[in-house]
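Only this structure's heavy atoms are used, side chains among them; waters, hydrogens and symmetry mates stay out.
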Amino acid sequence: MEGQRPSVGNGIIGRWKTAWASRNSVKTFTIAAFFAVAFSLFILNGRQRNIGGSGTCNFPAVFNFGDSNSDTGGKSAAFHRIPLPNGNTFFQKPSGRYCNGELIIDFIAEKLGLPHLSAYLDSIGTNFRHGANFATGGSTIQRLDARTFKIGYSPISLDIQLSQFEQFKERINELYKEGVNSNIKSKLPRPEDFSQALYTFDIGQNDLDCAFKSMTEKQAIESVPGIINQFAQAVKRLHNQGARTFWIHNTGPIGCLPFEVLDYPQQHENVDQNGCLRSLNEIAHEFNRQLKDSVIQLRMQFPDAALTYVDIYLAKYSLISDAKHHGFANPLGYCCGHHRDNLCWRKKTSNGTEISATPCSNPSAYISWDGIHYSHAANLWVANKVLDGLVSDPPTPITEACHRSLNL
């Protein structure tokens, strides 16, 4: 009928439908808001957390590349045995280490439930079942040239260590294909272990020291990008070999090494509150900054890999800054040998007689063992800081380093 009003029933149904639609909208909005908040919290918490699994990684092996800070016998086997008192505190014999006891790489192995790494170059009594150590004292990231050779650094630079690793891996694959006996196999990693192993780096200190000894400060700073690029190429080379988990130490505060302080003129403006050399530490900072940037870029290039950047500098400088609080003596003192006279890692000849350096009575009171390398006690202190992820990016314990970080 023309002009007829809607019935009361139709009005109620219309209002009910409107109310229902409104409640649906509120419900939908509430659910959407819940998931949005939950996702935001996941992102915030996940920036430094891990994906691809959780829990202990159970690395079957460790392959290490580095210099004297992680050399467990490479240089000693290749050139000359490092004499007592090196090794005396922990091993009670020469151990191939520039230390009275254990190095950080030793504490890494212990943390992972593995034996200490045998040096790749050591042919006597070696067991590579759980990895190998390619580090040698005096090694650099850069290839040896006339400048580095003249200063006295090792010819076994990082690229040579990588070549040794590649040959090592190739030979093991060949032996397994040939069906070698179980006794030989028991001392070698399995072919599948290489993709599941942890690859550790502790190298770069000698590159910076060499730059300061042969260049101006400006030139030394300008040399850093080239050094970092060579390091990045090394990681890529290992990734091509199947490596997927990398634990990368930056370089420590080289301006705080006692021998470095003794070598450089004591200018007030170049000395910080701990007596360390600012100029040397500044180049270490720049090296570390660029190294961290490089690690970030490598993560983007290799999303299937896990790369942990470890701030060794922060851990070591924290110890130096508060040495007495942690039970150590003067952080710029050292226990063994005499600067430019009777070095702790080299025997001195007097009237045809070889004389070893005499250590202090209490090595555990010193951060520096010999003026260049850290003592067993200091290495243990630093290891306790770094292995639990306290100074790492991402802040991941080494036992969980195989899990890829969420990079946003």
Inset, instruction - Look at the rings of Phe128 and Tyr120 and say which category their plane angle falls in: under 30° parallel, 30 to 60° tilted, over 60° perpendicular. - result: tilted
Inset, instruction - With the side chain counted from C-beta on, respond yes when Ile320 and Pro253 share a heavy-atom pair under 4.5 Å apart, and no when they do not. - result: yes
Legend entry - Between Phe194 and Phe63, ring centroids under 6.0 Å: yes
Legend entry - Euclidean distance, Ile141 CD1 relative to Gln233 CD, rounded to 0.5 Å: 12.5 Å
Inset, instruction - Report yes if the side chains of Ile156 and Leu121 come closer than 4.5 Å at any heavy-atom pair, otherwise no. - result: yes
Inset, instruction - Kindly give the heavy-atom pair with the smallest separation between Leu158 and Ala234, and that separation in Å. - result: CD2-CB, 3.6 Å
Inset, instruction - Step by step, work out the side chain to side chain contact (heavy atoms under 4.5 Å, CB included) result for Ser392 and Trp247. - result: CA-CA 9 Å; Ser392 300; Trp247 182 266; 3.9 Å; yes
Inset, instruction - Drop me the distance from Leu114's CG to Asn58's CG, to the nearest 0.5 angstrom. - result: 9.5 Å
Inset, instruction - Please assess Asn88 against Asn100 for the test side chain to side chain donor-acceptor pair (under 3.5 Å), listing each intermediate value before the final yes or no. - result: CA-CA 5 Å; Asn88 199 40; Asn100 61 311; over 6 Å; no
Inset, instruction - Give, for atom OH of Tyr309 and atom OG1 of Thr396, the distance between the pair rounded to the nearest 0.5 Å. - result: 15.0 Å
Inset, instruction - Give a yes or no answer on whether the side chain of Arg81 reaches the backbone of Gly96 with a donor-acceptor pair at less than 3.5 Å. - result: no
Inset, instruction - Flag yes if more than 12 heavy atoms outside Lys385 fall under 6.0 Å of its NZ atom; otherwise flag no. - result: no
Legend entry - Note: Glu174-Arg171 ion pair, threshold 4.0 Å (strictly below): yes
Inset, instruction - Verify the ring-centre separation between Phe107 and His376: is it less than 6.0 angstrom? - result: yes
Inset, instruction - Would you name the heavy atoms of Asn173 and Pro191 that are closest together and state the gap between them? - result: OD1-CB, 3.3 Å
Inset, instruction - First locate atom CG of Asp159, then atom CD of Gln164, and finally report the distance between them rounded to the nearest 0.5 Å. - result: 10.0 Å
Legend entry - Close side-chain approach of Ile160 and Pro155, heavy atoms under 4.5 Å: no
Legend entry - Polar side chain donor-acceptor pair, Thr140 to Asn206, under 3.5 angstrom: no
Inset, instruction - Answer yes if the ring centres of His339 and Tyr334 are under 6.0 angstrom apart, and no otherwise. - result: no
Inset, instruction - Show the numbers, then the answer: is there a side chain to side chain contact (heavy atoms under 4.5 Å, CB included) between Met215 and Glu222? - result: CA-CA 10 Å; Met215 303 176 180; Glu222 291 172 347; over 6 Å; no
Legend entry - Donor-acceptor pair, side chain of Asn133 and main chain of Asp71, under 3.5 angstrom: no
Inset, instruction - Using modelled atom types only, decide if a donor and an acceptor are shared between the side chain of Thr399 and the backbone of Thr56 within a distance under 3.5 Å. - result: no
Inset, instruction - Run the numbers on His373 and Ser68 for side chain to side chain donor-acceptor pair (under 3.5 Å), then give the verdict. - result: CA-CA 8 Å; His373 308 96; Ser68 58; 2.8 Å; yes
Legend entry - Working for side chain to side chain donor-acceptor pair (under 3.5 Å), residues Ser118 and Arg129: CA-CA 10 Å; Ser118 293; Arg129 182 63 168 145; over 6 Å; no
Legend entry - Any side-chain heavy-atom pair of Glu217 and Ile283 under 4.5 Å: no
Legend entry - Phe59 to Ile398 - nearest heavy-atom pair and separation: CE1-O, 3.4 Å
Legend entry - CA sep, side-chain torsions, deciding dist, call: Asp209, Glu260, side chain to side chain contact (heavy atoms under 4.5 Å, CB included): CA-CA 9 Å; Asp209 181 63; Glu260 296 288 5; 2.4 Å; yes
Inset, instruction - Take Cys57 and Thr245, measure what side chain to side chain contact (heavy atoms under 4.5 Å, CB included) needs, and give me the verdict at the end. - result: CA-CA 10 Å; Cys57 294; Thr245 305; over 6 Å; no
Legend entry - Donor-acceptor contact below 3.5 Å, side chain His326 vs main chain Ala378: no
Inset, instruction - Could you grab the distance from atom CG of Asp207 to atom CD1 of Ile227, nearest 0.5 Å is fine? - result: 4.5 Å
Inset, instruction - Step through the shown structure and confirm whether more than 12 heavy atoms of other residues, nucleotides or ligands are within 6.0 Å of OH on Tyr199. - result: yes
Inset, instruction - Begin from the C-alpha positions of Tyr153 and Asp67 and carry the test side chain to side chain donor-acceptor pair (under 3.5 Å) through to its verdict. - result: CA-CA 10 Å; Tyr153 289 106; Asp67 52 31; over 6 Å; no
Legend entry - Minimum heavy-atom distance Glu286-Val224, with the two atoms named: O-CG1, 4.3 Å
Inset, instruction - For atom CD of Gln167, decide whether the heavy atoms of other residues, nucleotides or ligands shown that lie under 6.0 angstrom number more than 12. - result: no
Inset, instruction - Measure from the side-chain N and O atoms of Asn281 to the backbone N and O of Gly255, and report whether any donor-acceptor pair falls under 3.5 Å. - result: yes
Legend entry - Side chain to side chain, His116 and Phe91, heavy atoms closer than 4.5 Å: yes
Legend entry - Within 6.0 angstrom of Arg346 CZ, more than 12 heavy atoms from elsewhere: no
Legend entry - Donor-acceptor under 3.5 Å (Ser139 side chain, Ala135 main chain): no
Legend entry - Heavy-atom side-chain proximity of His130 to Leu112 below 4.5 angstrom: no
Inset, instruction - Evaluate the side-chain proximity of Thr126 to Lys187: yes if any heavy-atom separation is below 4.5 Å, no if none is. - result: no
Legend entry - Option passing side chain to side chain donor-acceptor pair (under 3.5 Å) with Arg97 (candidates Asn69, Asn86, Thr72, Asp106): Asp106
Inset, instruction - Could you tell me whether the side chain of Asp272 and the main chain of Asn274 form a donor-acceptor pair under 3.5 Å? - result: yes
Legend entry - Heavy-atom pair with the smallest gap, counting every atom of Cys210 and Ile151: SG-CD1, 3.5 Å
Inset, instruction - Look at the rings of Tyr313 and Tyr317 and say which category their plane angle falls in: under 30° parallel, 30 to 60° tilted, over 60° perpendicular. - result: parallel
Legend entry - Residue pair Phe259 / His338: nearest heavy atoms and the distance that separates them: CZ-C, 4.5 Å
Legend entry - Asp388 side chain vs Leu390 backbone, donor-acceptor pair below 3.5 Å: no
Legend entry - Test item: Ser223 side-chain N/O and Ala220 main-chain N/O as donor-acceptor pair under 3.5 Å: yes
Legend entry - From Asn288 atom CG to Asp311 atom CG, the distance as rounded to the nearest 0.5 Å: 6.5 Å
Inset, instruction - May I ask you to test the Leu380-Phe90 pair for a side-chain heavy-atom distance under 4.5 Å? - result: no
Inset, instruction - Output yes when a side-chain donor or acceptor of Arg404 lies under 3.5 Å from a complementary backbone atom of Ala305, and no otherwise. - result: no
Legend entry - Evaluation steps, disulfide bond (SG atoms under 2.5 Å apart), between Cys335 and Cys360: CA-CA 5 Å; Cys335 175; Cys360 62; 2.1 Å; yes
